[in-house]
Amino acid sequence: TDEAVKMLVQNYADLTLNNMVLDGSELDGEGRYTLSNNCGEVLITGKTKIIADDNKGVAFDACEYASYPVPEVTVEEGSVVDGKIEVTGTAKLVIEGGSFTDLANAVKYAEDGAEITLLENVKGAGIVIEKGFQGGGDLIRGMGVRVESLAIVDGMNEKDGCIFRE
C-alpha cells in the first residue's frame, strides 16, 4: 500500500449513506479520498454531504479493483458532493441529482431528468480543449459559471479533421 494515500472511508461492501456527513477536508498526504468505493452497490441519499480537501482531495471514487465485483455508486437528489469525483475501469456512477463542485463529472454521469446543481463555492472553470459538440460547456455556462477554453472543437470528420469554433 502507498502510505501517502489517506482515506476516511475505504469501502468494499454494499453501503447506504443516508443523512450523513463525511468530512475529509483535514486529511493530509498526497492522495486524499473522503470515500473510496472498490466493491458493492453504494447509495448516497438524503442530505448526505461528502467533503474533500480543496486542493488535492477526492470526494469519492468508484474504482474497479483487482478481482472484486465492479462497484456501482448512485447519488440521489438532496446529496452534496464537495470535491472531485473519480471513476476508473468499468465502475459505474449514476447521478440522479444533488449538488456538486465537480460539475463536469456530475453531468457526464447524469441520468436523463437528473436535477443537478452547482455548489456556490465554484467560481469558474478552465478547460484546455472543450468538446463543444457535446454541450457540457454550454450547460455549465448556463449555470452562471465562467468557463475559459483554449480551444473548442465543434465537430470532426474525415475530410476536414477537427472543426474548431471561431
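Numbering starts at 1 and runs along the sequence shown.
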> Can you tell if the side chain of Phe164 reaches within under 4.5 Å of the side chain of Ile152, non-hydrogen atoms only?
Replying inline: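 Counting from C-beta outward, Phe164 and Ile152 never come under 4.5 Å.
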Atom [atom1] in [X], atom [atom2] in [Y]: separation rounded to 0.5 Å?
X: Asp53; Y: Asp82; atom1: CG; atom2: CG; answer: 10.5 Å
X: Thr34; Y: Lys49; atom1: OG1; atom2: NZ; answer: 12.0 Å
X: Glu64; Y: Cys39; atom1: CD; atom2: SG; answer: 11.0 Å
X: Phe60; Y: Leu17; atom1: CZ; atom2: CG; answer: 10.5 Å
X: Leu93; Y: Thr88; atom1: CG; atom2: OG1; answer: 11.5 Å
X: Asp14; Y: Glu72; atom1: CG; atom2: CD; answer: 10.0 Å

Is [Y] reachable from [X] through a run of I, L, V, M, F, W or Y residues, each pair having side-chain heavy atoms under 4.5 Å apart?
X: Val153; Y: Ile163; value: no
X: Leu8; Y: Leu35; value: yes
X: Leu43; Y: Val81; value: no
X: Ile85; Y: Leu15; value: yes
X: Val87; Y: Phe100; value: yes

Indicate the atoms forming the closest heavy-atom contact of [X] with [Y], along with that distance.
X: Ala52; Y: Gly83; answer: CB-CA, 4.1 Å
X: Ala91; Y: Cys63; answer: CB-N, 4.0 Å
X: Lys92; Y: Ala62; answer: O-CB, 4.2 Å

> What residue pairs, at least two apart or across chains, pass ring-ring contact (aromatic ring centres under 6.0 Å, His included) with a residue in residues 63-92?
Replying inline: Tyr12-Tyr68, Tyr65-Tyr68
> Among Val73, Asn18, Thr16, whose side chain to side chain contact (heavy atoms under 4.5 Å, CB included) with Ile44 holds?
Replying inline: Val73
Please set out all donor-acceptor pairs under 3.5 angstrom arising from side-chain atoms of residues 21-28, sequence neighbours excluded.
from  : atom 1 : to    : atom 2 : distance (Å)
Asp23 : OD1    : Ser25 : N      : 2.9
Asp23 : OD1    : Ser25 : OG     : 2.6

>> Check whether Asn11 reaches the backbone of Ser36 with its side chain - one donor and one acceptor, N or O, closer than 3.5 Å.
In response: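 Checking the backbone N and O of Ser36 against the side chain of Asn11, no donor-acceptor pair under 3.5 Å is found.
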>> Between the side chains of Asp102 and Lys84, is the shortest nitrogen-to-carboxylate-oxygen separation below 4.0 Å, so that they form an ion pair?
In response: no
> What's in the same ILVMFWY side-chain cluster as Val70, cut-off under 4.5 Å, chained through other members?
Replying inline: none
